[in-house]
Structures are given as structure tokens and as C-alpha cells.
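Within every chain, numbering begins at 1; the chains are lettered A, B, ... in the order of the sequence lines, protein sequences first and strands thereafter. Remember, it's a predicted structure, so these values are computed and weren't measured experimentally.
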Number of protein chains: 2
Amino acid sequence: MSNQGNKVHDSLASQCLSCYLKALCLPPDLTPEQFDSIIPILDAPIRLDKRDHLVQQGVAFRYLFAVRTGSLKQVTADTNSDTLLTAVYLPGDLIGFDAIGPGHYPGSIVALELSSVCRLPFERLDELGTRMPILRRHLQRNISRTMQEERLRLHQLLSRTAEARLAYFLMSLSECFRRRGYSSRHFRLAMSRSDIGSYLGLTHETVGRTLATFQAQQLLDVKARDYHLLDMAGLERLASSTGRRQKRA
Amino acid sequence: MSNQGNKVHDSLASQCLSCYLKALCLPPDLTPEQFDSIIPILDAPIRLDKRDHLVQQGVAFRYLFAVRTGSLKQVTADTNSDTLLTAVYLPGDLIGFDAIGPGHYPGSIVALELSSVCRLPFERLDELGTRMPILRRHLQRNISRTMQEERLRLHQLLSRTAEARLAYFLMSLSECFRRRGYSSRHFRLAMSRSDIGSYLGLTHETVGRTLATFQAQQLLDVKARDYHLLDMAGLERLASSTGRRQKRA
DNA sequence: CGTTAGGTTGAATCCTCTCAACAGCCGTGG
DNA sequence: CCACGGCTGTTGAGAGGATTCAACCTAACG
């Protein structure tokens, strides 16, 4: 880490400096001067209780948000008053990239549990980016990587069974937690079965049944929303199992 | 259109000026001066025959590409030597946003038919963007909108039937063609049934069968790769039909 | 203590997959 | 010129997986 932070910053700066996620939502390797030029545009972190709405679908876009703690979901109501869970955000994730183009948030962002997020005014961030290539690149890479991973993941899921979808989902969560320094084998997931189903395109019954199957196979241990991954290799195998159905030899 | 182009440009400039797609791959409403500062970084258009590879999966990212004519597909080989069709590009589309983050192209780009594309050096485009907010915004919006539409579309498809997936696919193509000034009711699609299946997560048999069903219902008329949409309202209804199965009354 | 939301389980239905056979079209090569 | 294999597309039969519907259970909460 290059930011020693031995100067005295105001409370916001010290909050950001002490936030171990700064390498995710801000570019790594910022010089203290660069860091100081970003801090002034940040507001105080926003605290959200479970089910609180961070943004309402359709509201004009002005801010990106960085997740500090907790987790949130994006819920999109499509034309038929039918709602879909279209994204999940974990600590370190940036929220709002998909709102830049349309000019308004394409879905509501709802806290899945007690959460805390930072608000980043996009205009000023963008303007700062013109003078700070590191920051610009960081944002570009972040949105591009998100897009790329999502595209591949969703296209893979389209032709897979419920087992493969769930295994893939769990493994990808596990990987996210690992990268953020949490345990990759044990985590709490604040999503209901219905949430997971909506996100993966399955019914909540199927989600429950499939989890029960996994448990029966000693692949994992679930109690309510507490997940213990027991056989990572086995789950990984399921997650990347090629097709929809095992072809008969 | 604000670019009158009454100055004499070199051949590249005039090619771009005469390209009716410039409002898609370049920002609309460029002043002649702005236009002139973008032209120098463009290369001569690249011509591709059917099945020609524009880029190979894994190659280092350096260029975005703009489709002038024809159509291309992105083919991604995942870990299991299993390949997926992860994107389709039509005239006016920009290719390569998903390569910025990873630093290399996440899939091969292959021409579906005789096509022509413009090569845009990303570094120089990005650098130009720092001094030209219009250009910067245009790129940001483009990538963001792509991401947003794709996210929503794929999540919707995950829980829908083959009929809904295909109807959705056809309507979205129709809309693309309409926006580009082509007929929205009649078009040729250079993709095979297998391509479509891979893109939508269906088998090629199911794609063919479903198209046959549509034809029997007078919704459309398909011969080989020639599509006539007959009942747009009916297709639209199918495309946005809520769920997987019609619930019993 | 009743209510509600979330979760589990069972039975029947139906959609899509797999497998297989065949028709059409194209380019190559005899 | 025609035969041939390969690729593409169509059609049919059977099987399997996920959905729908319904009942029941638990935990949380006023």
C-alpha cells in the first residue's frame, strides 16, 4: 500500500483510508496527493436498514455508489409489472454503471441487510478522471470487467440445469468473498430463496430442492441463510458441467 | 446533421462523413473541428469475408471496432472447450468494450457474412476523450447502455420458454434494424439455427421447431435465413409474456 | 396467539432436451 | 457430369427436468 496516511485527514478521508475496500472501489496505488483530490467529492457514508431503498427505479442518475458493508440487490420492474432481481452487490462493488447510458437508474437498489454505502457524484468523478488517468482507467476497467463477466456468466447459465446454475452462483459468491478477504467456504447470504430464484431464473421451490440435493450429496451444508461449502471441487465440477443434461454414453 | 463537410477531406474523412452510421459509432452533433480531430486516428476500413476472424480470443486489447456493414458474432470458448455465442454485432455497433477490463479480447470476433469494420485505437480515443467531453460521454453511454440492456434481457430470458426467447430475440433484432433505417419487418439474418440456439441457450432443433410453430401461427414467414415478421403485435405479446408457462386460470 | 413471510415437500403436467433418421444445399473431387 | 461427404435444417419419439399447484411447517413479530 502506498498511502501511508500519516497526515491528518478530516473524518471522511480517514474513513476511506481505513476502509480496507479502498483497493476495490478506488484505484490501488494512489499517491497521497491523488487521494486528497478524490476525498473532497465524497459524502458521508449512507446507512441502510434491511429493505431500505438506496435508489428508486427511474430516478435521474447522478451518483455511483460503493458498497462498504452489507449487501444490496437491484430489482427491475419490467413492462408487465413483473419484477426481476437483476444484480447483487457485495462490499467493494460499485453500483450504478448501468445508469450512465439511460440517464436514470434502470432498477431499484434495495438493501438485503444492514448496509453502508459511499456516494460518489459521477459528474465530478468523471471530470476528475480527465486529469487523473489512473482514476479514469480504474472506472473503465471496472465497468468493462463487470460487463464481460456478466455476459459470459448469463450466457452460460441460459443452457444449464438448476444444479449447474446454483453451483455456479455459489462458487462465484465464494470467489467474491475470497477476494474481499472473507471466508470462501462459509458465508451468510442475505437473499431469500425467491431472490436467488429470480436472479437465476428458477422458482423458489427448485432452489430449495436443489440445495437439499446438494446437502444430501455432502456438497454443502445450508441452514436458513448460512452456507458452508464442504466439497468445493465437487461444486466446481457441477458449476462447469458442460451441458443441460448428461449425454448417455 | 451539423457536419456539412463542405471542406475537402482526405478519403478517410469523406468515408466517415458519408457513412450514415456516424451518428451511432461517433457522437451525433460533432462540430467540423471536432470531427477533424477524430478522423486522423482512424484507419482504413477492414473488409472481412464470411468466417474471417476479426480478432482471436485472448489477443491483447488495443482497438475498438465499429461495424459499417454486415454482421459479426462473438464466440467465447470457456474452460471446457465448449464454445458459446455471446454477442451479435450489427451495423453501427461498437465491438470491444468487454476487452477494456480484462486487457484482452474475451472471445473471438467472427464475420457472419461479408462485412466491413472501422478500427479505432482505444488509447488515442480515450486520450482524445479527456479533451472532448462529447466524445467521452458518447463512449460512456454506449458501453453503459449495452451493459444495461444485456443485463435485463438475459435475466428475462433465463426464466422464459423457447417461444418467448425467440420472439424476444426477433423483436430486438427488428428494433435494431429499424433504428438503423432498415426494414423492421423483413430482414436477412446470417446466423445459423445453431448460432441462434447457442446465443439463446436452446438447441438448434428447438430453434427450428419454434420457428415452424410461429410460421404455423402466421406470426412470421421464414425461408432459410430470410425473415418476414407478419404479426408484430403477436410476437411482441409472446416476447413479453410473463412467465415460463401460462398459469392455469 | 394468530398472522405473515419464508421454506420444504409431494404429485402431476409440460416443455425442452437427447437421440436418431432424413432431406436439401454446397463445395470438392473424381 | 455426377458422386460424395459435410454442413444445415427438419421432423419424430422418448425421456428427463423444472414448473405449477397445493399442503404443511417453521420462525418472526405484532
Side-chain angles (χ1 to χ4, degrees), chain A residues 49-51 73 82-83 85 110 112-114 157-169 188-216 220-227 238 241-249, chain B residues 49-51 73 82-83 85 110 112-113 157-167 169 188-216 220-227 238 241-249:
Chain A
D49 284 326
K50 184 173 180 177
R51 282 164 211 241
K73 62 180 175 183
D82 178 31
T83 66
L85 205 167
V110 185
L112 285 166
E113 58 193 315
L114 179 63
L157 292 190
L158 269 179
S159 59
R160 297 208 160 138
T161 61
E163 287 197 354
R165 291 187 192 188
L166 250 177
Y168 200 133
F169 176 66
R188 219 185 77 83
L189 197 55
M191 301 168 69
S192 69
R193 302 286 188 266
S194 298
D195 282 340
I196 300 174
S198 176
Y199 186 65
L200 295 176
L202 303 169
T203 59
H204 64 98
E205 295 99 324
T206 301
V207 172
R209 268 189 262 264
T210 307
L211 284 176
T213 306
F214 286 173
Q215 185 142 15
L220 51 75
D221 191 42
V222 205
K223 264 191 252 323
R225 298 180 179 184
D226 226 50
Y227 296 75
L238 272 180
S241 75
T242 267
R244 185 158 193 62
R245 215 174 287 176
Q246 37 258 46
K247 306 180 181 177
R248 307 172 194 164
Chain B
D49 285 325
K50 184 174 178 175
R51 282 165 212 242
K73 63 180 174 182
D82 179 31
T83 67
L85 206 167
V110 184
L112 285 165
E113 58 193 315
L157 293 190
L158 269 180
S159 60
R160 296 207 161 142
T161 61
E163 286 196 356
R165 291 187 192 188
L166 250 177
F169 176 65
R188 219 185 79 82
L189 195 57
M191 300 168 71
S192 69
R193 302 284 188 269
S194 297
D195 281 340
I196 300 174
S198 176
Y199 187 63
L200 297 176
L202 304 169
T203 59
H204 63 98
E205 295 100 322
T206 301
V207 173
R209 267 190 263 264
T210 308
L211 284 175
T213 306
F214 286 172
Q215 186 142 15
L220 51 75
D221 191 43
V222 204
K223 263 191 253 322
R225 298 178 180 185
D226 226 50
Y227 295 77
L238 272 181
S241 75
T242 268
R244 184 158 192 62
R245 214 176 287 179
Q246 39 258 44
K247 306 182 182 178
R248 306 171 193 166

- request: Taking only Lys NZ, Arg NE, NH1 and NH2, and the carboxylate oxygens of Asp or Glu, determine whether R193(B) and D195(B) approach each other closer than 4.0 Å.
  value: no
- request: Would you mind checking if D49(B) and R51(B) are paired as a salt bridge, meaning a charged N to carboxylate O distance below 4.0 Å?
  value: no
query: Considering only heavy atoms from C-beta outward, does the side chain of F169(A) approach that of L189(A) to under 4.5 Å?
result: yes
- prompt: Going by heavy atoms in the side chains, are L200(A) and Y168(A) under 4.5 Å from each other?
  reply: no
Spacing of [X] atom [atom1] relative to [N] atom [atom2], expressed in whole Å:
{"X": "L211(A)", "N": "dA18(D)", "atom1": "CG", "atom2": "P", "answer": "13 Å"}
{"X": "L202(A)", "N": "dG17(D)", "atom1": "CG", "atom2": "C1'", "answer": "11 Å"}
{"X": "Q215(A)", "N": "dG7(C)", "atom1": "CD", "atom2": "C1'", "answer": "13 Å"}
{"X": "D226(B)", "N": "dT8(D)", "atom1": "CG", "atom2": "P", "answer": "18 Å"}
{"X": "R193(B)", "N": "dC25(C)", "atom1": "CZ", "atom2": "P", "answer": "14 Å"}
{"X": "L112(B)", "N": "dT8(D)", "atom1": "CG", "atom2": "P", "answer": "12 Å"}
{"X": "D195(A)", "N": "dA5(C)", "atom1": "CG", "atom2": "P", "answer": "14 Å"}
{"X": "L158(B)", "N": "dA18(D)", "atom1": "CG", "atom2": "C1'", "answer": "14 Å"}

Under 4.0 Å: is that the gap between some side-chain N or O of [X] and OP1 or OP2 of [N]?
{"X": "T206(B)", "N": "dT16(C)", "value": "no"}
{"X": "T161(B)", "N": "dC15(C)", "value": "no"}
{"X": "T203(A)", "N": "dA18(D)", "value": "no"}

task: Side chain of R51(A) only, please: which of dT19(D), dG6(C), dT8(C) is the nearest?
output: dG6(C)
task: Have a look at G197(B) and say if it touches a base, only the backbone sugar-phosphate, or nothing, with a 4.0 Å heavy-atom cut-off.
output: nothing
query: At under 4.0 Å between heavy atoms, what does S192(A) touch on the DNA or RNA strands: base, sugar-phosphate, or nothing?
result: sugar-phosphate
- prompt: Quick one: OG1 on T203(A) to CZ on R209(A), what's the gap to the nearest 0.5 Å?
  reply: 7.0 Å
Check this for me: does the side-chain of [X] come within 3.5 Å of the base of [N] through a donor and an acceptor?
{"X": "R225(A)", "N": "dG7(C)", "value": "no"}
{"X": "E205(B)", "N": "dC19(C)", "value": "yes"}
{"X": "R209(A)", "N": "dG7(C)", "value": "no"}

